[in-house]
Amino acid sequence: MNSSRRKFLNTAGYVGLGTLCGNIPIPALPCGAQKDVLPFVNEGNTQLNTLLDQGLKGRLVLDLSSLEKSRLITLNDSFFIRTRFPAKLRNGDEWSIRITGLKGKAMEVSVSALRAAEVPMGVHLLECSGNSAYRNFGLMSAANWSGVSLKQLFTQNGVSPATGWLNIKGFDKHIGDTAGSMPGASWIFPYDSLINGNAFLATGMNGQILSKDHGWPIRLIMPGWYGCANIKWVEEIRFVGEDEPPTSQMQEYAGRTHQKGNIQVVRNFSPAEVDLTAMPIRVERWRGSGTTKYRITGLQWGQGQPSRKLKIRDNPDRPFKHVDNYLAGNAGWSLWSHQWKPEKEGKYTFQLMVDDPTVRTRRLDLGYYNRSVVLSG
Ligand SMILES: Nc1nc2c(c(=O)[nH]1)N[C@H]1C(S)=C(S)[C@@H](COP(=O)(O)O)O[C@H]1N2
Ligand SMILES: [Mo]
């Protein structure tokens with residue numbers, strides 16, 4: 001099925017025979033109930049699951065509406081892309097990473113050495129900090145990565161921290177139009193966050209060698225941090241001081257990574273962590289024998305454990321109610337579902353909250369992940 005047709009089916013109100021009638025976790029409907037999916041309104045109209053454009057302008061936006069419990073790992077050619085590979089990317093087999101800013105001489109680690117040490121690193125989700133309704137929230141995906149942790153890399157090569165901060169720099173030599181994004185990506189991390197947070201240099205994704213668009217031959221994965229810090233095409237790791245100015249990449253994303261106050265120096269930069277977040281991905285209407293039932297399926301993701309204390313409301317003036325079902329364990333993200341009982345026609349805006357004051361939910365609380373549907377006869 002081509003993607004425009006798929007998108008139509010998923011978002012423009014697919015009407016089909018519900019074959020799952022006895023199985024869906026809302027009160028059973030008579031077999032033969034008709035299902036349709038209510039489209040989300042006031043969102044962008046990007047072509048989903050389709051490779052668009054080249055280089056810095058290159059994008060692939062994942063269609064989240066079709067996520068199921070058995071399909072929480074994103075296939076490699078559906079995994080979202082925020083920037084496609086730079087035209088001048090050189091031969092990966094001869095690639096090496098320079099480690100500089102050391103007390104002694106700079107070091108080189110070859111890709112072949114990294115590949116030889118590659119081990120499974122588990123499932124991690126990436127979310128672009130610019131993931132928004134304009135992109136149908138599809139700048140987000142989860143994969144099963146493999147690679148080498150920085151901790152192991154440093155231990156094996158006898159690297160001791162020369163300073164408290166590391167600048168991880170990618171190869172970004174694009175040609176042509178930069179589409180408003182600043183070329184050149186690097187991020188400066190506290191050394192301790194990288195080591196304790198289990199950051200790794202990924203060489204593989206879902207059992208395959210990393211593709212060029214996802215950072216071949218080497219990319220950084222910093223678990224739980226926004227995509228923008230997950231540098232692709234890594235070519236240099238440099239120890240820097242706490243008074244180093246944030247990179248252009250860090251400045252570009254400062255607003256989206258919750259930075260506040262004086263951020264002239266990296267010491268004042270807060271970790272680009274993704275807080276716990278949740279939103280609906282599809283709203284189904286099941287109609288049969290004079291009854292109509294609505295089911296909302298949604299995602300939750302972000303740092304820490306998935307919550308069992310999600311609440312949802314269908315408009316700002318309505319009370320939050322506990323979410324009914326938690327469908328799958330954590331694979332970077334997990335699914336929930338909820339029976340929705342709208343009282344009348346009209347526009348509804350869903351917002352979730354976490355009923356636990358110990359869990360930080362900065363973006364969620366801003367209404368950033370609100371999604372709306374319009375209900376009519
Ligand atoms: N070198 C380099 N790394 C980069 C980028 C970039 O432009 N150049 N984009 C970043 C951003 S903004 C995001 S969201 C993620 C996206 O990773 P993906 O395209 O593999 O999904 O890569 C990050 N790493
Ligand atoms: Mo991003």
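Computed from a predicted model, the values in this text were never measured in an experiment. The analysis underlying the following values was restricted to heavy atoms, covering all of them including side chains, and did not include hydrogens, waters or symmetry mates. In listed order, ligands and their atoms are each counted from 1.
With Glu252, His214, Lys232 as candidates, the residue nearest to atom 19 (O) of ligand 1 on a non-hydrogen basis is Lys232. When Ala185, Ser186, Pro86 are checked for heavy-atom proximity to atom 2 (C) of ligand 1, Ala185 turns out nearest.
Atoms of ligand 1 found under 4.0 Å from any heavy atom of Phe79 (numbered from 1 in listed order, with element): 21 (O). Under a 4.0 Å criterion applied to the non-hydrogen atoms of Thr83, ligand 1 contributes the atoms 7 (O), 9 (N). The distance from ligand 1 to the heavy atoms of Cys128 drops below 4.0 Å at these ligand atoms: 14 (S). Atoms of ligand 1 lying under 4.0 Å from at least one heavy atom of Ile231, given by number and element, are 3 (N), 24 (N).
The same ILVMFWY cluster, assembled from side-chain heavy atoms under 4.5 Å apart, contains both Val240 and Ile97. Linking ILVMFWY side-chain heavy atoms closer than 4.5 Å, directly or via other members, places Val359 and Tyr326 in a single hydrophobic cluster.
Trp187 and Phe269 have perpendicular rings, their planes meeting at more than 60° on a 0 to 90° scale where under 30° would count as parallel. In this structure, Trp340 and Tyr348 have perpendicular ring planes: the angle between them is above 60°, well past the 30° mark.
Taking only nitrogen or oxygen atoms, main chain and side chain alike, Arg82 reaches within less than 3.5 Å of ligand 1. For ligand 1, the polar-atom distance check against Ser129 finds no nitrogen or oxygen pair separated by under 3.5 Å. Not a single N or O atom of Cys228, backbone or side chain, sits closer than 3.5 Å to an N or O atom of ligand 1.
Residues that satisfy the ring pair (Phe, Tyr, Trp, His ring centres under 6.0 Å) test with Phe200, not counting sequence neighbours, are His124. Applying the side-chain hydrogen bond (donor to acceptor under 3.5 Å, both in side chains) rule to Gln156 yields no partners; only residues at least two apart in sequence or on another chain are considered.
Residue contacts with ligand 1, taken as heavy atom pairs separated by less than 4.0 Å, involve Trp233 solely via side-chain atoms from C-beta onward. Residue Asn230 touches ligand 1 through its backbone alone, judged by heavy-atom distances below 4.0 Å. The side chain of Arg219, and not its backbone, has at least one atom closer than 4.0 Å to an atom of ligand 1 (non-hydrogen atoms only; side chain from C-beta on). With a heavy-atom cut-off of 4.0 Å, Tyr226 does not touch ligand 1 at all.
The closest approach between a heavy atom of Tyr253 and any atom of ligand 1 is below 4.0 Å. Residue contact annotation: Lys169 has no non-hydrogen atom under 4.0 Å from ligand 1.
Both the sub-6.0 Å distance and the 45° axial angle are satisfied by Lys212 relative to the ring of Phe85. Figure legend: Arg90 and Trp95 shown as a cation-pi pair, the cationic atom lying under 6.0 angstrom from the six-membered ring centre and within 45 degrees of its axis. Within the cation-pi definition used here (under 6.0 Å to the ring centroid, within 45° of the axis), Arg363 qualifies as a partner of Tyr368.
Taking the side chain as every heavy atom from C-beta outward, Tyr294 and Pro342 approach each other to under 4.5 Å.
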